[in-house]
Amino acid sequence: MIFENFTFENPNWFWLLLSIPLAVFWYFKKRQQQTATLKISSTQGFTKSTLAQLRPLLFILKMLALVFLTIAMARPRTVDVTTKVKKTEGIDIIMAVDISASMLARDLEPNRLEALKKVANNFVNGRPNDRIGLVIYAGESYTKTPLTSDKSIIINALNDLDYTQNIEGGTAIGMGLATSVNKLKDSKAESKVIILLTDGENNAGFIDPITATQLATEYDIKTYTIGVGSNGMALSPVGIKPNGQFEYRNVEVKIDEALMKTIAESTGGKYFRATDNEKFQAIYEEIDALEKTEIEEFKFYNYDEKYRFFLIIAGALLFLEFLLKHTFFRSFV
C-alpha cells in the first residue's frame, strides 16, 4: 500500500478542519453584507461581471490553504522500520531416552519408542535457537549425540533409535541422568535442561538416581521427567522366539513415579505421565512452552518529514489569494 508507512505525529490538529463547514456557513450568510450595493430603477444597461462571479474563488483558496496548513501542523511523515534480532544465550537441552526392551510395549501406537520418536522430532524442530543433545540408556548409558545446534543431526539420531542387544539390559535411571549432567555441567547457556524419559524402575547401573539428582541440582540443571506407559497392563516383550522376533504378553506397567517426582522437584522441573500418544504430545508441548529462549529485538525508526511540502502549498495558496484580491478582484469602497 502507498500509505502503509505514512503517519502523523500530531493528528489532533485535524480537529481544526471542523471549522471549515462553519466558515462556509458564515461566508454565504454574510456575503451580501460584505458586498457594496447600489439601488437603481433598472439594470438593463449593466452586464454581469465575470470577475464578480469568480470572487468566491478567494474564499476557496483560503479554505484550501487552511486544509494544507492543518495537514502540515499534523506533521505528516513516512517511517522506515529496521528490525535487528539478537539471540540471547539460549537453552541447552539433553534428552535422556530409555531404550530398554520394555520401550517396545504396544500400549502406545505403534509402540512406546516410536511414539517418542515422533513427538521428540516435533519438539526438536520447534527449538531452532537451542542446542540439543541425546543420551540413551538401558542397563548402561552413553551419549548418542553431543550438544549441537544442527537439528538434522538430532533428527537423524532420533530416527535411528531402536532396541539393541548390544547395550546391557535393565533400566539404569541414575546412569542416564548422570551422563546427561556430565554433558551439561560445563555449558555456558543461560538455562540447562534435561528431559529424562523412562517406562520402568531403576534396577541397573552403579550410580544411584538420588546421587545423580544431587549432581543436577549442584550444577543448576533443571530436569523434566516423563513416565511412559498406560495404567494397568500393557502388551510388552517378554522374550525372543527362535525366529528372532519378540514374544509379547500382557505385563503390569511399573513406573517408579515417586522417584521421578523426586528428581523433577529437586531440580526445579516437573514430572509427567504419558499414558497415550495424545498425552505424550501434550507433554512435550508443555515443556516447549515452559522453556522459551529469550530473543532481543531492536527496532530502528528512520523518519522522513513531509510537512514542508504541505506548508509550501498553503503559503502559495495564501499568496495567490492575496495577489488576486488586490489585483483582479480589487473593489472600490
Side-chain angles (χ1 to χ4, degrees), residues 93-124 132-145 154-180 194-205 207 209 212 223-241 244-257 259-260 263-264 271-284 287:
I93 302 171
I94 290 290
M95 293 189 293
V97 179
D98 182 351
I99 60 167
S100 58
S102 58
M103 284 293 290
L104 300 178
R106 296 172 177 170
D107 50 347
L108 275 71
E109 297 179 359
N111 59 48
R112 295 171 182 174
L113 187 58
E114 290 301 318
L116 160 72
K117 289 158 69 171
K118 180 179 179 180
V119 297
N121 271 323
N122 294 336
F123 178 79
V124 171
I132 299 177
L134 183 61
V135 167
I136 59 175
Y137 69 96
E140 55 185 331
S141 69
Y142 66 91
T143 303
K144 178 77 171 176
T145 304
I154 301 299
I155 296 297
N156 290 334
L158 281 169
N159 292 336
D160 288 342
L161 286 184
D162 203 355
Y163 168 75
T164 174
Q165 291 182 318
N166 294 330
I167 188 171
E168 185 179 336
T171 305
I173 296 174
M175 293 285 289
L177 180 56
T179 302
S180 301
I194 294 172
I195 301 175
L196 178 69
L197 181 144
T198 187
D199 66 346
E201 302 171 302
N202 186 73
N203 56 22
I207 297 180
T223 304
Y224 293 99
T225 56
I226 303 175
V228 184
S230 57
N231 295 310
M233 309 293 285
L235 192 62
S236 306
V238 295
I240 300 178
K241 298 177 182 179
Q245 295 182 345
F246 281 104
E247 180 181 354
Y248 282 83
R249 292 178 188 170
N250 280 318
V251 176
E252 183 182 359
V253 177
K254 294 182 179 180
I255 299 175
D256 193 345
E257 292 193 285
L259 173 62
M260 302 296 277
I263 294 173
Y271 169 68
F272 302 91
R273 179 72 182 268
T275 55
D276 54 48
N277 292 61
E278 291 73 21
K279 181 63 175 176
F280 212 165
Q281 180 65 44
I283 289 170
Y284 269 87
I287 295 174

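Nothing here was measured: the structure is a model prediction, and the numbers come from that model.
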Item to check | Heavy-atom check, side chain of L158 versus side chain of M95, under 4.5 Å | outcome: yes

Checklist entry - Between A204 and G169, what is the shortest heavy-atom contact and its length? => result CB-O, 4.3 Å

Checklist entry - Just one of D98, T198, I287 clears the side-chain contact (heavy atoms from CB on, under 4.5 Å) bar with I226, so which one? => result I287

Item to check | Sequence-distant partners of F272, ring-ring contact (aromatic ring centres under 6.0 Å, His included), two or more places apart | outcome: none

Checklist entry - How close do V228 and L108 get, heavy atom to heavy atom, and via which atoms? => result CG1-CD2, 4.2 Å

Next on the checklist: To the closest 0.5 Å, what do you measure between CZ (R273) and OG1 (T225)?
Outcome noted: 11.5 Å

Checklist entry - Is it the case that more than 12 heavy atoms not belonging to Q245 sit under 6.0 Å from its CD atom? => result no

Item to check | Check: D256 and N202 side chains under 4.5 Å, non-hydrogen atoms | outcome: no

Checklist entry - Taking all atoms of both residues into account, what is the closest heavy-atom pair of T171 and E201, and its distance? => result CB-O, 3.3 Å

Checklist entry - Quick one: CG on L196 to OH on Y271, what's the gap to the nearest 0.5 Å? => result 11.0 Å

Checklist entry - If every non-hydrogen atom of A178 is compared with every non-hydrogen atom of I207, which pair is closest and at what distance? => result CB-CD1, 3.6 Å

Checklist entry - Which atom pair, heavy atoms only, marks the closest approach of P209 to I263? => result CB-CD1, 4.5 Å

Next on the checklist: Can you tell me how the ring of Y284 sits relative to the ring of F280, calling it parallel under 30°, perpendicular over 60° and tilted otherwise?
Outcome noted: tilted

Next on the checklist: Using modelled atom types and a 3.5 Å cut-off, is there a donor and acceptor pairing between side-chain atoms of N250 and backbone atoms of M233?
Outcome noted: no

Next on the checklist: Within the 4.5 Å heavy-atom criterion, are L161 and L134 side-chain neighbours or not?
Outcome noted: yes

Checklist entry - Taking C-beta and beyond as the side chain, do I240 and F246 meet within less than 4.5 Å on heavy atoms? => result yes

Item to check | Interatomic spacing from CD in E114 to NZ in K117 - rounded to 0.5 Å | outcome: 3.5 Å

Item to check | Shortest non-hydrogen contact between S180 and I194, atoms and distance | outcome: CB-CD1, 3.5 Å

Checklist entry - Taking the side chain from D107 and the backbone from G229, do they hold a donor-acceptor pair closer than 3.5 Å? => result no

Checklist outcome for this item: When rounded to the nearest 0.5 Å, the distance separating CG of N231 from CG of D276 is 10.0 Å

Checklist outcome for this item: To the nearest 0.5 Å, atom CD1 of I154 lies from atom CG of N159 at 11.5 Å

Item to check | Separation between CD1 of I94 and OG1 of T223, rounded to the nearest 0.5 Å | outcome: 11.0 Å

Item to check | Passing candidate, side-chain contact (heavy atoms from CB on, under 4.5 Å) with L104, options P237, P110, S236 | outcome: P237

Next on the checklist: Counting neighbours of CD on E109 that are heavy atoms of other residues, nucleotides or ligands and sit closer than 6.0 Å, is the number greater than 12?
Outcome noted: no

Can I get a per-line list of side-chain donor-acceptor pairs under 3.5 Å for residues 138-145, giving both atom names and the distance, sequence neighbours left out?
| from | atom 1 | to | atom 2 | distance (Å) |
| --- | --- | --- | --- | --- |
| E140 | OE2 | E168 | N | 3.1 |
| S141 | OG | M175 | O | 3.1 |
| S141 | OG | T179 | OG1 | 2.6 |

